[in-house]
Amino acid sequence: MFQRSRKVVCPECSGSNFWNGNPKPTDVLQCRYCQTAIATYEEYVRVAAQQEAERLLAEFVETDVSRDLAHLKAVLAQPGERASA
C-alpha cells in the first residue's frame, strides 16, 4: 500500500497517537492522553485509503474546461504537429 504516517489525532483532546507494530483489523486505538477509543485499525485504513484516493483524484481532475477546450482547438488547428497513425 502507500506510505503514510500512522499518526492519528484524537477527536476529543487533539493528542497525537500512533499505531504500533502490526495491528489486527479489529484492534482499537485508545488515546494515550484521555483514553478515548479513536478507531479500529480497519476504519483507520479505510479512511486513509479514501483520503489518498480523493487527493489523487483532485490532483488529476481539471476544473477549467474552457482552458482545456482552447488547448484542444489549438492542437487541432495545427495538423502538422499531430502524430500520424
Side-chain angles (χ1 to χ4, degrees):
M1 199 190 256
F2 47 88
Q3 293 294 322
R4 290 281 176 218
S5 170
R6 297 177 95 181
K7 177 178 154 184
V8 180
V9 177
C10 176
E12 295 295 320
C13 70
S14 300
S16 291
N17 297 276
F18 300 89
W19 290 98
N20 294 318
N22 191 15
K24 296 178 207 154
T26 57
D27 287 351
V28 177
L29 180 63
Q30 299 287 128
C31 179
R32 60 185 174 161
Y33 302 102
C34 69
Q35 305 308 316
T36 298
I38 298 174
T40 65
Y41 190 65
E42 182 178 32
E43 292 168 340
Y44 165 75
V45 170
R46 182 182 48 77
V47 169
Q50 182 177 357
Q51 289 173 344
E52 181 68 4
E54 289 171 0
R55 186 191 68 77
L56 286 171
L57 284 172
E59 185 176 322
F60 292 105
V61 171
E62 184 60 52
T63 58
D64 189 358
V65 175
S66 60
R67 189 185 78 188
D68 288 346
L69 287 174
H71 177 70
L72 180 60
K73 286 178 184 178
V75 169
L76 292 174
Q78 300 172 355
E81 297 294 318
R82 290 185 277 167
S84 56

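All heavy atoms count here, side chains included; hydrogens, waters and symmetry mates do not.
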Considering residues at least two apart in sequence or located in another chain, which fulfil the side-chain contact (heavy atoms from CB on, under 4.5 Å) criterion with K24?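 K24 satisfies side-chain contact (heavy atoms from CB on, under 4.5 Å) with T26, D27 once adjacent residues are dropped.
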Under the side-chain contact (heavy atoms from CB on, under 4.5 Å) test, residues paired with A37 that sit two or more places apart: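 side-chain contact (heavy atoms from CB on, under 4.5 Å) list for A37, sorted by chain: V28, Q30.
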Exceeds 12 heavy-atom contacts within 6.0 angstrom, atom CD of E43: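 Buried by this count: over 12 neighbours within 6.0 Å.
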Using 0.5 Å steps for rounding, measure from the [atom1] atom of [X] to the [atom2] atom of [Y].
X	Y	atom1	atom2	result
Q50	E54	CD	CD	5.0 Å
H71	L76	NE2	CG	9.5 Å
Q51	R46	CD	CZ	10.0 Å

Table please: side-chain donor-acceptor pairs of residues 10-21 below 3.5 Å, with sequence neighbours left out.
| residue | atom | partner | partner atom | Å |
| --- | --- | --- | --- | --- |
| N17 | OD1 | R32 | N | 2.8 |
| N17 | ND2 | G15 | O | 3.0 |

Can you tell whether the side chains of R55 and E52 come within less than 4.0 Å, N to carboxylate O?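 Salt bridge: yes.
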Is any side-chain heavy atom of Y44 closer than 4.5 Å to a side-chain heavy atom of V8?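 Side chain of Y44 against side chain of V8, heavy atoms only: contact under 4.5 Å found.
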